[in-house]
Amino acid sequence: MDTALVLQNLLSPAILFFFLGVFAVLLGSDLEIPAPLPKLFSLYLLLSIGFKGGVELQASGLGPDVLLTIGAALLMAVLVPLAAFALLRTQFDVFNAAALAGAYGSISAVTFITAESFLRVLQIPSDGYMVAALALMESPAIIVALLLVKLAAQDRGAAADTGWGSVLHEAFLNSSVFLLVGSLLIGLLVAQYSPSGIAKMEPFTGQLFYGALCFFLLDMGIVAAQRLADLKQAGAFLIGFSLLTPLVNASVGLGLASVLHLSQGNALLFMVLCASASYIAVPAAMRMTVPEANPSLYISSALGMTFPFNIIVGIPLYLSVIERVLPGASL
Amino acid sequence: MDTALVLQNLLSPAILFFFLGVFAVLLGSDLEIPAPLPKLFSLYLLLSIGFKGGVELQASGLGPDVLLTIGAALLMAVLVPLAAFALLRTQFDVFNAAALAGAYGSISAVTFITAESFLRVLQIPSDGYMVAALALMESPAIIVALLLVKLAAQDRGAAADTGWGSVLHEAFLNSSVFLLVGSLLIGLLVAQYSPSGIAKMEPFTGQLFYGALCFFLLDMGIVAAQRLADLKQAGAFLIGFSLLTPLVNASVGLGLASVLHLSQGNALLFMVLCASASYIAVPAAMRMTVPEANPSLYISSALGMTFPFNIIVGIPLYLSVIERVLPGASL
Amino acid sequence: MDTALVLQNLLSPAILFFFLGVFAVLLGSDLEIPAPLPKLFSLYLLLSIGFKGGVELQASGLGPDVLLTIGAALLMAVLVPLAAFALLRTQFDVFNAAALAGAYGSISAVTFITAESFLRVLQIPSDGYMVAALALMESPAIIVALLLVKLAAQDRGAAADTGWGSVLHEAFLNSSVFLLVGSLLIGLLVAQYSPSGIAKMEPFTGQLFYGALCFFLLDMGIVAAQRLADLKQAGAFLIGFSLLTPLVNASVGLGLASVLHLSQGNALLFMVLCASASYIAVPAAMRMTVPEANPSLYISSALGMTFPFNIIVGIPLYLSVIERVLPGASL
Amino acid sequence: MKRLDLLVNERELELLLKRLEQVGVPGYSVNRHVTGRGGSGTVVSEAMEFSGFGANAHVIVFCDSSLLEPLAAELKPLLKTYGGVAYVSDAKPL
Amino acid sequence: MKRLDLLVNERELELLLKRLEQVGVPGYSVNRHVTGRGGSGTVVSEAMEFSGFGANAHVIVFCDSSLLEPLAAELKPLLKTYGGVAYVSDAKPL
Amino acid sequence: MKRLDLLVNERELELLLKRLEQVGVPGYSVNRHVTGRGGSGTVVSEAMEFSGFGANAHVIVFCDSSLLEPLAAELKPLLKTYGGVAYVSDAKPL
Ligand SMILES: Nc1ncnc2c1ncn2[C@@H]1O[C@H](COP(=O)(O)O)[C@@H](O)[C@H]1O
Ligand SMILES: Nc1ncnc2c1ncn2[C@@H]1O[C@H](COP(=O)(O)O)[C@@H](O)[C@H]1O
Ligand SMILES: Nc1ncnc2c1ncn2[C@@H]1O[C@H](COP(=O)(O)O)[C@@H](O)[C@H]1O
Ligand code: NA
Ligand code: NA
Ligand code: NA
């Protein structure tokens with residue numbers, strides 16, 4: 001693994017502020033980012049990444065490359081939860097296995113954003129249509145997880161509100177999916193019909209973006225470190241799962257990226273999408289539709305372990321592998 | 001009505017984010033901008049528009065044109081609530097008629113800001129002193145409404161705190177009037193005595209402005225759509241009133257603008273001031289001084305109907321009329 | 001005192017927004033910046049000042065000048081609370097005297113930031129390592145105050161959690177110290193190892209800074225004016241103390257600055273550090289470790305009197321003295 | 001002792017607290033940003049806090065039962081004018 | 001009259017309020033952003049509000065005691081499925 | 001069963017919750033950002049939350065009456081040192 005890349009990542013403001021949040025908890029500082037400020041930053045990041053992605057998607061168009069990449073993303077969003085469920089069932093009941101599978105089949109937008117910022121520092125280009133892949137990978141795993149519960153636990157008693165209507169609602173209309181997709185569509189429309197709007201949005205969605213990401217990662221460091229304590233109780237299997245799953249999924253992602261001849265930048269983003277786990281959209285859906293599952297299992301592993309692993313170790317690791325495996329990939 | 005203008009407006013980021021908020025409610029997404037974030041954005045917008053208006057007002061000075069325009073604005077702020085009251089009394093009791101009249105006699109700063117952004121996209125100039133007109137049009141209708149209540153309902157019982165002291169207090173010191181006027185004066189002072197401060201404020205009050213407006217309009221879309229449901233219960237008369245009043249007031253405004261030889265940009269802003277209704281300053285005052293009125297009537301019609309009508313249909317409509325009626329108006 | 005300097009300060013946006021907040025309270029406007037928005041701005045200001053200070057500290061290095069200045073800062077942070085305690089004991093019990101001494105021995109980051117902005121308007125340079133002095137002056141007075149309580153009130157009963165562990169914890173890990181020092185270290189590391197990160201942070205930590213300061217000072221004006229009422233009850237001695245202490249401490253600071261041949265800009269920042277009193281870190285610590293002290297004494301004098309005095313009168317006054325006393329000081 | 005729970009709109013909070021102080025309650029606690037639905041059916045939501053509407057405030061007063069009568073005299077006209085509810089329960093210090 | 005205190009996760013709030021309205025309570029007050037610890041030991045903190053977790057909501061209902069039975073019938077299944085607690089005390093209008 | 005209402009400054013909340021857990025309460029709910037006025041006349045306002053002052057927290061505990069005595073033993077010294085109030089009422093599960 002390329003030490004220069006690792007250091008470049010570790011010593012970027014984004015990761016250092018994440019560590020600052022982690023240390024605040026470990027050292028017992030009373031530093032906190034009071035609610036609803038973290039929500040402000042997460043709404044802002046989703047709105048900005050969506051808008052910018054839409055603008056770039058309009059520029060790149062929906063050619064066969066784009067559609068193939070998106071198809072591969074959807075494939076992973078269905079396969080990963082199925083495979084994860086099979087593995088998790090060896091240790092957990094149907095409900096917890098399905099909820100965890102849903103989290104790991106879906107994605108983390110902040111991990112994606114951190115990877116994109118990393119690429120930008122290294123001046124490695126990537127394409128705006130990867131944001132469309134991001135948006136489309138959020139929901140399928142939620143549906144797969146619910147399907148698994150319905151199939152595997154047919155006698156669960158009709159306690160929760162688990163009709164298909166409400167499942168699809170949770171999958172496609174939960175706030176983070178809705179805001180991301182909506183902003184993407186707005187970016188598309190503005191780029192097509194009202195391009196002067198792009199420049200007017202730029203200081204807000206563009207220039208401010210990296211600083212706001214750092215501020216949010218400071219908070220993410222705090223909550224990830226708080227969750228780490230929970231995770232200890234969850235046991236060795238789940239800790240191993242939350243560290244190995246990103247590696248396995250990233251490898252499969254790399255294979256697909258290689259088959260699809262993705263550029264190095266797009267390949268990294270694709271691997272990160274496969275490797276990351278959801279701690280916003282999926283928990284929100286699972287808590288309503290699979291209340292039998294223990295939320296501290298799925299949120300603590302996704303947020304306390306997989307998220308830090310990906311942004312600290314994963315991103316530079318995946319890129320250094322890409323540089324070896326896809327050296328001739330079109331930049 | 002000029003289709004290009006309509007599309008230009010409809011497909012601007014500001015209006016598209018407004019629609020995104022509306023759709024969030026209509027589709028049942030759980031997207032929300034938690035309190036007090038909307039307040040952050042509304043404070044920010046008032047502070048910025050005030051400051052920039054003050055800076056420009058100092059540049060333009062208080063010539064006869066400026067004073068005449070401001071005089072016309074004050075005239076409208078007194079006439080509109082009187083006329084509206086006469087009409088509304090045919091359907092509502094004194095209290096509700098007066099509160100509604102107050103809302104429609106006053107203005108909506110966000111509608112003004114949206115119109116100004118629209119002008120900027122079209123590169124049609126407008127003058128900073130229009131912000132002074134905005135500031136001065138907020139309060140008079142509050143006083144007129146209270147006067148009407150005092151005259152028409154002399155036997156109301158001394159329940160509410162309705163002495164003149166508290167009425168003037170509500171009219172001139174409520175937070176939105178106070179912040180707008182205060183920031184305007186600060187802009188004036190800074191431009192006169194400490195002009196280096198203008199450039200230091202610019203990234204905050206200038207560059208960020210449009211993006212922050214879009215974020216706020218996302219929230220306004222959510223609350224407007226929530227209010228729409230209330231409005232259905234209020235009946236056809238009020239819905240008609242909330243759509244026709246802006247058109248009538250804008251027409252009178254156009255007449256005055258034409259008499260005063262306002263430039264096209266200033267004429268649009270003037271029409272928008274006449275056409276818009278208050279959902280911040282006036283409800284705040286009415287709830288204290290006319291507690292007998294039903295708040296969901298005045299806030300739902302101003303926020304759920306007149307506001308969306310103005311920013312979606314009104315602004316491009318008024319401008320296309322201006323382009324026909326005031327073609328020779330000085331740009 | 002140089003009238004031009006005074007006016008330059010009084011008519012800067014920062015001070016004018018502070019006054020706007022003061023007037024809001026005095027006139028009885030309902031303007032408020034709802035929680036946790038003030039916290040957002042204070043976290044942002046600490047993060048930004050720390051980060052930028054770290055970047056500049058890396059550039060200047062830790063030469064003997066820097067170390068001497070920091071040593072002088074630490075000296076003041078120990079001497080001031082001792083001297084203040086001796087004086088305050090003539091009027092207050094041990095607990096209140098120690099808490100007040102702690103507040104005045106520590107510093108106010110916002111006063112420092114306001115002074116720095118003032119220098120920037122006048123284009124007088126100052127050095128980034130002064131932020132290190134700022135960071136290091138926050139904690140010592142907390143420890144001194146606690147030592148004084150332990151020595152002077154040995155029979156206080158073990159009610160509060162006042163072991164050394166928790167005292168050091170309050171002194172060095174309270175959120176404002178932690179965020180400032182952490183951001184400073186991040187700035188240092190980024191400047192050294194990942195300098196491309198500086199430019200990416202700039203729009204957030206740099207361009208936005210002055211506007212955000214103005215917004216925060218609007219809130220500070222509101223809370224300072226609210227505190228003023230409390231202070232009246234505290235009596236003439238404390239009012240005198242809160243106005244004279246900054247002058248005395250600034251004078252001692254000026255002496256040290258002159259001995260150390262600080263530049264004019266650094267000398268002003270040093271005087272401001274000596275003259276300012278803490279209303280964030282110290283009250284947070286005192287309320288836990290000296291619960292016997294009356295918080296409204298120390299927070300009202302630091303926030304309601306000393307803070308406004310320093311930013312309105314102190315900063316231009318200190319600079320005009322510097323211009324006379326240190327005329328040949330290296331710019 | 002008694003516990004008094006008051007639910008009023010935030011805009012009337014100042015007025016209400018002034019009356020409480022006049023009656024001489026030993027203290028009170030205020031929880032703002034409360035939402036709800038009242039007798040008139042009006043829904044109060046956080047979404048409108050940015051506007052002139054505000055949300056509700058929940059005021060809790062622990063006081064001697066002897067204060068209930070003067071409190072009722074002071075507060076009932078206010079509640080009648082501006083809306084809001086007031087309920088009393090028993091409580092005793094821990 | 002009675003006072004009913006409900007503590008549930010914010011995500012279930014909509015469902016709960018719908019049931020309250022079905023039973024026909026005269027009103028309710030909602031306090032969101034409540035944190036806590038429950039029977040399962042799970043700690044709810046404001047720090048997770050940005051995520052899909054949300055915080056708790058505290059719902060207060062003042063109502064006639066005759067409503068307690070239908071309320072129990074409507075709410076208990078909900079509390080059993082999603083967690084949360086419900087307690088009743090005596091209260092009377094001021 | 002009993003309902004315990006505690007009002008303390010947010011800065012002491014951690015200490016208080018630790019004591020509650022030591023006594024073994026079955027759960028608790030915390031409402032932060034509460035303002036108020038206490039015996040000493042000090043007004044706590046949201047405006048000072050950015051500073052070292054914080055606001056108050058309102059902690060509600062539903063527990064068996066047998067826990068009241070150990071709770072009083074643990075909490076009273078804390079309340080005496082740092083201020084705050086504690087009141088008990090009757091409550092029963094819905
Ligand atoms: N029965 C009730 N139980 C709990 N809270 C209530 C009740 N009735 C009214 N409220 C609260 O008091 C506020 C004002 O009530 P009203 O004046 O009836 O609209 C409502 O928004 C609720 O927050
Ligand atoms: N004994 C209790 N006293 C006060 N609040 C409680 C109690 N038990 C549970 N809660 C609240 O109800 C929420 C859900 O409880 P549970 O379903 O037991 O996890 C907790 O997060 C607490 O806020
Ligand atoms: N009688 C009371 N009723 C309701 N809340 C109270 C009462 N007394 C004190 N409090 C609350 O407890 C906090 C601390 O009280 P104290 O320690 O007396 O200053 C106050 O800020 C109030 O929020
Ligand atoms: Na994934
Ligand atoms: Na109008
Ligand atoms: Na000092």
Side-chain angles (χ1 to χ4, degrees), chain D residues 2-10 16 19-20 23 25 28-49 55-61 63 65-80 83-92, chain E residues 1-36 44-46 49-50 54-68 70-71 74-75 84 86-94:
Chain D
K2 293 288 178 184
R3 170 205 175 103
L4 176 61
D5 283 280
L6 297 155
L7 287 146
V8 301
N9 187 279
E10 285 185 2
L16 184 99
R19 308 263 169 119
L20 291 181
V23 173
V25 299
Y28 53 78
S29 293
V30 181
N31 182 24
R32 289 175 54 180
H33 317 296
V34 171
T35 57
R37 198 175 62 71
S40 60
T42 319
V43 173
V44 173
S45 86
E46 270 188 47
M48 297 307 293
E49 271 194 49
N56 289 336
H58 179 187
V59 180
I60 303 174
V61 184
C63 66
S65 34
S66 65
L67 284 178
L68 287 183
E69 220 171 292
L71 280 171
E74 278 291 332
L75 302 181
K76 274 186 173 168
L78 208 69
L79 297 172
K80 197 159 164 269
V85 297
Y87 286 90
V88 181
S89 353
D90 290 319
K92 59 173 203 288
Chain E
M1 286 190 67
K2 294 288 177 183
R3 170 206 175 103
L4 174 62
D5 284 280
L6 297 155
L7 287 146
V8 300
N9 187 280
E10 284 185 3
R11 299 273 307 163
E12 290 103 60
L13 183 57
E14 287 291 297
L15 279 176
L16 185 99
L17 297 181
K18 226 177 279 169
R19 308 265 169 117
L20 291 181
E21 309 221 334
Q22 277 164 14
V23 174
V25 300
Y28 52 79
S29 293
V30 180
N31 181 25
R32 287 174 56 178
H33 318 296
V34 171
T35 58
V44 173
S45 86
E46 269 187 47
E49 271 194 49
F50 82 97
N56 289 335
H58 179 187
V59 179
I60 302 174
V61 184
F62 293 104
C63 64
D64 202 87
S65 33
S66 66
L67 284 177
L68 287 184
L71 280 171
E74 278 291 332
L75 302 181
Y87 286 89
V88 181
S89 353
D90 289 320
K92 60 174 204 287
L94 176 70

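Residue numbers begin at 1 in each chain, while the letters A, B, ... track the order of the sequences. Keep in mind the model is a prediction, meaning the values are calculated, not measured.
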Quiz item: Given a strict heavy-atom distance threshold of 4.5 Å, which part of Glu46(D) is in contact with chain E: side chain, backbone, both, or neither?
Solution: side chain

Quiz item: Given the options Arg32(D), Lys2(D), His33(D), Arg3(D), which has more heavy-atom pairs under 4.5 Å with chain E than any of the others?
Solution: Arg3(D)

Quiz item: chain D heavy atoms under 4.5 Å from Pro93(E): which part of the residue, side chain, backbone, both or neither?
Solution: both

Quiz item: Contact part of Ser89(E) toward chain D, heavy-atom cut-off under 4.5 Å: side chain, backbone, both or neither?
Solution: neither

Quiz item: Between Leu79(D), Leu6(D), Leu4(D), Val34(D), which residue shows the highest count of heavy-atom pairs closer than 4.5 Å to chain E?
Solution: Val34(D)

Self-check item: Euclidean distance, Phe62(E) CZ relative to Asp5(D) CG, rounded to 0.5 Å
Solution: 4.5 Å

Quiz item: Is any side-chain heavy atom of Tyr87(D) closer than 4.5 Å to a side-chain heavy atom of Met1(E)?
Solution: yes

Quiz item: Given a strict heavy-atom distance threshold of 4.5 Å, which part of Leu75(D) is in contact with chain E: side chain, backbone, both, or neither?
Solution: side chain

Exercise. List the atom of Ala72(D), the atom of Leu94(E), and the distance in Å for their closest heavy-atom pair.
Key: CA-CD2, 3.7 Å

Self-check item: Reported CZ-to-CD distance for the pair Arg37(D) and Glu21(E), which is rounded to 0.5 angstrom
Solution: 4.5 Å

Exercise. Taking all heavy atoms of His58(D) and all of Ile60(E), pick out the closest pair and write down the distance.
Key: CE1-CD1, 3.4 Å

Quiz item: Just wondering, more than 12 heavy atoms not from Gln22(E) lying within 6.0 Å of its CD?
Solution: yes

Quiz item: What part of Leu68(D) is in contact with chain E, defined as an atom under 4.5 angstrom from a non-hydrogen atom: side chain, backbone, both or neither?
Solution: both

Exercise. Check Asn31(D), Asn56(D), Thr35(D) against Asn31(E) for a side-chain hydrogen bond (donor to acceptor under 3.5 Å, both in side chains) and give me the one that passes.
Key: Asn31(D)

